[in-house]
Structures are given as C-alpha cells and as structure tokens.
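Chain identifiers are assigned alphabetically (A, B, ...) following the order of the sequence lines, protein sequences preceding nucleic acid strands; residue numbering begins at 1 within each chain.
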Amino acid sequence: MSERAPLMESGVEHRFGPYGGQYVPETLLPALVELEGAWVAARDDVAYVAELDGLLRDFAGRPTPLYLAERLSELAGRELWLKREDLMHTGSHKLNNALGQALLARRMGKQRIIAETGAGQHGVATATACALLGLECIVYMGAEDIRRQAPNVQRMKLLGADVVSVDAGARTLKEAVSEAIRDWVSSVATTHYIIGSAVGPAPYPAIVRDLQRVIGDEARRELLARAGRLPDRVVACVGGGSNSIGIFSPFVNDADVALIGVEAAGQGLGSGRHGAPLTAGGRAGVLHGSLSAVMQDRDGQVTEAHSISAGLDYPGSGPEHAYLRDSGRARYVAVEDTDALCAFREVTRLEGIIPALETSHALYYAIHEDGIGSTLDLVCLSGRGDKDLAEVIAQGDAP
Amino acid sequence: MGKPARDRVPAVAQTGEDRIGAAFALRRGRAALMPYLMGGFPDMATSRAIGEAYAANGADLIELGVPYSDPLADGPTIQAAGTAALRAGATIGGVLEVGEALARRVPVVLMCYVNLVLAPGADAFVQRLREAGISGLIVPDLPMGEEPAVTEACAEHGVALVPLVAPTTTDERLALIGAQAQGFLYTVSVSGTTGERGSRAQAFGELLGRVKRHTAVPVALGFGIATPEHAAEAARAGADGVIVGTRLVRAAAEADDPAAATGEFVAELAAALIR
C-alpha cells in the first residue's frame, strides 16, 4: 500500500484520491495560489529551513523525548512508547505547524495572522509564534470552548492575541473555522490564515502534514535506535488530524506497521453525538474547503459533533485520512467520553503524566482495546492536560 | 440569441440560460434588478410572500438562497437568517417549492453551497432544479473547474451555471471564467462576505470595466449593495444587473410585515435603476 496520491506539478497534493480540493469562494483562490508558491519556495530554501529548525530546537524544545511507559506497558500487556509532544513548548504538537506557518507569513509580507482553535492548543501555539515574530494575532474560538478551555484563553490574551468569541451553531471548533475563513475572505490581502489541523482547502492539508511530520520522523529514528525495531502499531487521536498525520506519514511505506487513528465516539456512535466521521462512515462531503469524511444529514447540512474534548469535537476530518482509510493503509476507531476520562486518570496515576483529553482517547485505545498481534505500540502523546483540569473535575472524575 | 421563436411554448421548456438572457435583454440597456431571498426565512410561507412582493415591485430576476449550516461566503445577517430558517424546519425541497412558484413570474437563480449540491449527486440535484423551473445555479464555494460533475449536470439539464468573480480574481482566471459563464457573471463588488457597506462608486467602475473586457454575458454586481443610491451607482458604473441581499434580509427580519416592507424597498431600488 505504498501508493501515494498524485502530485501537482509543485509537489503539493491538491487531492488525496477523490478527497481534498479547493471548495472556497473565488475571492480566496489567489491567496491559495500565493500560499502554495510561498510554501514550495520556503521548504527548499536553506535559510527558511535553518530558521525553523533552529526555533524548533532552541525555542520549542525539539526533539521531544520518546518515553517507554513501563507501568502502562504492564497494564496493556505490550510495550507502550509515548512520543512526548506534551513536553514541547506551549504543551502540544501544535507549535510545529504554527511556527512554520508564521515564518511563512512573514516571508509573504503578511503582518496579520488569524487562526481558529478548539481546545485552545492551536490558538496558544499561534499566539506564541506571533508574539515571537511580532505579528498581529486574532484567534476565533467557539463560545462553548472558551468556557471549557478557560486557561488557554487566558494564555492567548497574555500573549497579546485578540480572542474572538464565536456564537453561531454549537459554538465549537466547526464554527470557529467558518468564522476564520470568513475573516480571511475579507482580509486576504494583508492576512495569513494559520489553519491548525490537516484540513481546509489545498494546499493546507499538505502543508500542515509536512510541518507535523517531524513527530513521526523523530519517533521512527529514536525507536529504531533504542528498541532496534519498528512498532507494530502507531496510535494517535484524530480530530481534524494533524498530530496523527504527522506521526503516520514516515510510517506509511512501512507495510508491517499498522496505523490507527482514534476519533471521539462521544456519547456513543449509535447516539449520533460523537465526532467520528471517519469511523462512522457514510457519504463524503465538503466542509471548510475540502472533500472528506463529514458528519451530515440527508440534504447535506453538516451536523454538530460532540466530544468531551474540544479538540476532537469536529464533524469533519483531514482529506488524507479519508484517503488512508479507503486505501486500507490506516484504520480508524472511536473511543467514548467516559473511556477517555478513564485513560486520563490511569495515565496520570500510573505514569505521572497528565495527558490532554484529546490524547486520552488514543491512550485508552492503546491500553485497553484490541491489541492482539502487537508487542510494541507507538502512541502520540499529542498534548498535556493542564487545560482540562476544570472540565475533568466538573465531570466528578478527579480525586 | 439566434434561437427560433418560442411563442406558445411554456417558459419551462426554454433553457435557463435563454430565460435569464431574455430578462436582461428586456431591460434594454438599463440594469436588471435581482433581489436576494433567503428561502424559508422567517418561515417558508412568508419567504414565498416576500418573493411574490419582489416580483410585483420590479424584480427582473430573483436570487433564491438555500439555508446552509456553514455559509462561508455570507456575512452575519444572511448567516443568521439561514440558521433561523433551518431551525424553522427549512429543507431543500421546501425552498425549491418556493422557487417553483416564483419561477412562474420571473427567472429564479438558486444560490446554494456545494455540499447541498453534491449530497444527492450533482445530476439528481440539478434535475430537481430543472423540474422546479429554476433557471440558474450559483455555487459560492465552488470555483469553476473544481467539480466537473456540476458543470456537466447543468449543461445536461439546461440550467445556467453562474460563476462568481471577485476583485482578487486575476485577469488570466477572469478570461477563463468569463468565457464559460452562462446567464450572467456574478461579480462580487468587494473582497469580503455579503453585507452592507458605504459608497463604492469608483471601485465599482474599475472592477466592472475589467470584468466586462473578459465576457460576453451580462455582468451583475453584488455583495455590499444596500441602498437605492448604491444600486444607481452600480448601474452608472456599467453593471448590467444589480443584486441586493443583506439589506432585504435585514428588512425581512425586522419588519412586522416582511412582504410589505421588502416589496416597498424593492420598488425604491427599481425606481433608482430607471432614472
């Protein structure tokens, strides 16, 4: 299954099989062309690559550790190696992409940055990159997410970002992305939109993947050096799908390595209140500029997702994930709210690591589900859970 | 358009492109008025009454919006109206019934986001439009060339696929879109979402001049046209058609009698275009 999606002339995928594309108002097309041109030039430019690598190392703390979690391994019955993105500056993998795109915006001469955020991790990462580079930063965030992720809202404001509350619809990540795109339609000449997930119109899914690929590259190298082998499974949570596509990518051509994306089953796949479009299946649809797995009704109205974790509370998915699913190269499963809370508690108590609620979905799957045939799992510990304490305590699930 | 005379042939047997072309041609050099109607807002029956009021007060065509969960090209007013319509139970079927009724009086062009077009399959969707007598289709989040199935379905069923261009559109792309445009070319007057704005006379002229060099079909200007003065400015700047949306949706939202209030406003717009 090493077949790759056809490349554009620039080497940047616009489609992954049938998925992806550029379903945007005509106003935005020139900006997407400009962005693709800037990205192609930047990624081959020694100065850009050196500046990004330098910041990732000295400012952000890369490479992040790879940690053999012995007590969790005992519980799971196989080795669990955790890629510690939670130890990166700002507390999640999101900074890999935010730094790369903020440097790109500066190259394009754009001084104003907009971003969407669900859990607030991408908002904090973007606000951080903007503070570092002296760029104006506006973050769109659903009103419900502002409520449940208050610490991250405070961090963004301290970093100088303007956090704009979005009151439409379910007031979560989907609405925040829509509002950011609307801003961009009106401000495209001066503004760069830093999308935080591997979603959106081309070239965004490819850019975000390329900037997050560092997670998988480091983990693969380190695991080969220390364990002397590749993992049987790579497990990561999937909302839009940035940490998962980042850790999957270097393993796609390793045919014996299973790739497992863990979505949010919310209150259960049968309840309809979930955030698992890839797992639930159904007709493909267009959301936020690309064709992919989307939760929608019969007419094509996009339905509301639900998850206890704001970062997985999204009815869409990255187009490359839909392609990996259909091609059989990756498998997608879903974990319910209550099970994610269970893993949150277990990992905290057994390893002294408080994981993000998003990450807790992947951890639950790796620890408890269907491990037959695997003796070594690599799990992307995509973020830390400090932001979730209030929400977890409110669930009555803390000590 | 070099087509044989169609006396006695019911309007529905014309292609959508013919019917739209005739509506522009009837204006004999004056700009056509195309008010926007959010289907199903505030409810289905009232939206139909508003559309009837548009037709009775000087609308040459009607742009009929389909409420959508994620309307990326719309500003807050139309977005809120769409959300309210969906909450009131609006469906694509209901909106097409309104369109069918209005199409007996004036040509109707449907404005519909791409996921609603793709959900039943582009061919099945466009066939429904044809059966309802809808003349044209505007898909604000579908750049020309991105989804050939929609283009093919519109050609197959005789529904004009009306493209949008914007101030940011390059000359190269304008040439491509202008050559393929059917019915009319929807020119977005500002880089932005739908909504009301101040005077834009000079920008209108520059933009329209650039667009008209690239197409043979009528050029209609929309987004940000909120008053009879704006409409007259657009017409003087060379627009073949003027589209007014947000101002009318706001009137429908605020008035005690939406049909009367919007009808009166459409009459003022029509008068401004005759001067």
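Between chain A and the residues B:L164, B:V139, B:L118, the most heavy-atom pairs under 4.5 angstrom are made by B:L164. In terms of heavy-atom pairs under 4.5 Å with chain A, the best-connected choice from B:P76, B:P71, B:G93, B:P167 is B:P71.
Both the backbone and the side chain of B:P143 come within contact range of chain A, each with at least one heavy atom under 4.5 Å from a heavy atom of that chain. For A:P30, the part sitting under 4.5 Å from any heavy atom of chain B is the side chain, from C-beta outward, and nothing else. For A:V302, the parts lying near chain B are the backbone and the side chain together; criterion is any non-hydrogen pair under 4.5 Å.
Checking each of B:V117, B:L142, B:V114 against A:V286 for a side-chain contact (heavy atoms from CB on, under 4.5 Å) leaves exactly one that passes, namely B:V114.
Residues B:A119 and A:G300 approach most closely at CB-CA, 3.7 Å, considering heavy atoms.
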Give every donor-acceptor pair between chain B and chain A closer than 3.5 Å, one pair per line, or write none.
{"from": "B:P67", "atom 1": "O", "to": "A:Q301", "atom 2": "NE2", "distance (Å)": "3.0"}
{"from": "B:S69", "atom 1": "N", "to": "A:Q301", "atom 2": "OE1", "distance (Å)": "2.8"}
{"from": "B:S69", "atom 1": "OG", "to": "A:V302", "atom 2": "N", "distance (Å)": "2.9"}
{"from": "B:D70", "atom 1": "OD1", "to": "A:K174", "atom 2": "NZ", "distance (Å)": "3.0"}
{"from": "B:D70", "atom 1": "OD2", "to": "A:K174", "atom 2": "NZ", "distance (Å)": "2.9"}
{"from": "B:P71", "atom 1": "O", "to": "A:R182", "atom 2": "NE", "distance (Å)": "3.3"}
{"from": "B:P71", "atom 1": "O", "to": "A:R182", "atom 2": "NH2", "distance (Å)": "2.9"}
{"from": "B:D74", "atom 1": "O", "to": "A:R182", "atom 2": "NE", "distance (Å)": "2.8"}
{"from": "B:I92", "atom 1": "N", "to": "A:D299", "atom 2": "OD2", "distance (Å)": "3.4"}
{"from": "B:N115", "atom 1": "OD1", "to": "A:V286", "atom 2": "N", "distance (Å)": "2.9"}
{"from": "B:N115", "atom 1": "ND2", "to": "A:Q296", "atom 2": "OE1", "distance (Å)": "2.8"}
{"from": "B:N115", "atom 1": "ND2", "to": "A:G300", "atom 2": "O", "distance (Å)": "2.7"}
{"from": "B:A119", "atom 1": "O", "to": "A:R283", "atom 2": "NE", "distance (Å)": "3.4"}
{"from": "B:D141", "atom 1": "O", "to": "A:V24", "atom 2": "N", "distance (Å)": "3.3"}
{"from": "B:E146", "atom 1": "O", "to": "A:R15", "atom 2": "NH2", "distance (Å)": "3.3"}
{"from": "B:E146", "atom 1": "OE2", "to": "A:R15", "atom 2": "NH2", "distance (Å)": "2.8"}
{"from": "B:E146", "atom 1": "OE2", "to": "A:Q22", "atom 2": "N", "distance (Å)": "3.0"}
{"from": "B:E147", "atom 1": "OE1", "to": "A:Y23", "atom 2": "OH", "distance (Å)": "2.5"}
{"from": "B:T168", "atom 1": "OG1", "to": "A:T27", "atom 2": "O", "distance (Å)": "2.9"}
{"from": "B:R173", "atom 1": "NE", "to": "A:E26", "atom 2": "OE2", "distance (Å)": "2.4"}
{"from": "B:R173", "atom 1": "NH2", "to": "A:E26", "atom 2": "OE1", "distance (Å)": "3.4"}

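Remark: B:F41 pairs with no residue by the ring pair (Phe, Tyr, Trp, His ring centres under 6.0 Å) rule, at least two apart or across chains. Checked against side-chain contact (heavy atoms from CB on, under 4.5 Å), B:P42 has the following partners two or more places apart in sequence or in another chain: B:T46, B:I50. Residues passing the side-chain contact (heavy atoms from CB on, under 4.5 Å) test with B:A90, sequence neighbours excluded: B:M44, B:P67, B:A85.
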